[in-house]
Amino acid sequence: SKQFHGKNILEQPELCDLKNFILDSGKHFFINTFGCTNPLMLTNSWLNIGYKNSSQPLHNHSNSTISGTFYFSFDSVLHPSIVFKNPRESGSFSTIEDFSILSTQFNSLFYRPTYKEYDLLLWPSYLHHGFFATCEPSTTDKPRISLSFNMCIERTLLHPYKIYRK
């Protein structure tokens with residue numbers, strides 16, 4: 001897959017509504033997932049274009065708080081889906097996973113969410129994620145197009161400093 005770096009794509013004026021939607025969604029996610037109300041800022045954003053049999057190795061964004069992807073062009077039948085790796089290693093001593101008889105999104109080593117075009121996915125930046133080429137060769141020329149981004153806390157509530165982006 002190709003990545004278009006170098007510019008923060010969400011700074012383009014024609015993407016203003018999408019940028020605001022992402023910031024509002026990030027705020028909601030941050031409050032309801034982490035229980036925090038600190039202001040957030042977008043630190044970077046880029047476009048990903050995946051062609052036939054593209055993949056992206058597992059990675060995380062340790063320099064951020066929240067990461068996400070908005071899907072412009074995605075077909076769950078034709079394109080590989082993003083997967084998230086459980087940060088708790090399965091099989092480690094005295095974990096619930098050792099005693100599970102059913103596989104769920106919470107105890108599996110990998111989780112593959114369901115989503116479609118124009119959906120926004122948000123997750124804690126520490127989660128490893130990626131996507132793998134399907135076993136069957138792709139028969140489509142339709143690319144998998146997404147916009148990915150990172151957010152971090154703009155300022156803390158307990159300290160008088162603020163992060164600025166140039």
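Bear in mind the structure is a predicted one, so any value in this text is a computation, not a measurement.
A donor and an acceptor atom, one from each side chain of T43 and N150, are nowhere located under 3.5 Å apart. Side-chain atoms of S148 and T69 form a donor-acceptor pair, as typed in the model, at a separation below 3.5 Å.
With a 4.5 Å cut-off on side-chain heavy atoms, P143 and F72 do not count as touching. Counting heavy atoms from C-beta outward, E117 and S73 have side chains that approach closer than 4.5 Å. Under the 4.5 Å side-chain criterion, counting only non-hydrogen atoms from C-beta, E11 is in contact with K19. Side-chain contact between T33 and L122: absent, with no pair of heavy atoms (C-beta onward) separated by less than 4.5 Å.
Remark: S55 OG to R144 CZ distance equals 10.0 Å, nearest 0.5 Å. Summarising the geometry, atom CD1 belonging to I22 is positioned 7.5 Å from atom OG belonging to S45; distances are rounded to the nearest 0.5 Å. Atom-to-atom distance recorded for I66:CD1 and S125:OG is 7.0 Å, nearest 0.5 angstrom. Note that the NE2 atom of H79 and the OH atom of Y51 stand 11.0 Å from one another [nearest 0.5 Å]. Rounded to the nearest 0.5 angstrom, L40 CG and I153 CD1 are separated by 7.0 Å.
Every residue two or more places apart in sequence or in another chain was checked for a ring-ring contact (aromatic ring centres under 6.0 Å, His included) with F149, and none qualifies. Checked against side-chain contact (heavy atoms from CB on, under 4.5 Å), H128 has the following partners two or more places apart in sequence or in another chain: N60, K85. Residues satisfying the side chain to side chain donor-acceptor pair (under 3.5 Å) test with N32, not counting sequence neighbours, are H28. Residues passing the ring-ring contact (aromatic ring centres under 6.0 Å, His included) test with F34, sequence neighbours excluded: F30. Scored by the salt bridge (charged side-chain N to carboxylate O under 4.0 Å, His left out) test, D119 finds K116 as partners (sequence neighbours excluded).
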Q) Between L42 and N8, does a side chain to side chain contact (heavy atoms under 4.5 Å, CB included) hold up when you go through it step by step? A) CA-CA 9 Å; L42 284 161; N8 285 316; over 6 Å; no

Q) Hey, mind stepping through C152 and M41 against side chain to side chain contact (heavy atoms under 4.5 Å, CB included) and telling me if it holds? A) CA-CA 6 Å; C152 73; M41 61 183 271; 4.0 Å; yes

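I82 forms part of a hydrophobic cluster together with Y71, F74, F84, Y111, Y115, L121, W123, Y126, L127, judged by ILVMFWY side-chain heavy-atom separations under 4.5 Å.
S67 places no side-chain N or O within 3.5 Å of a backbone atom of H61 that could act as its donor or acceptor partner.
D75 and V77 get closest at one heavy-atom pair: OD1-N, 2.8 Å.
Residues F29 and I31 do not share a hydrophobic cluster, defined by chaining ILVMFWY side chains whose heavy atoms lie under 4.5 Å apart.
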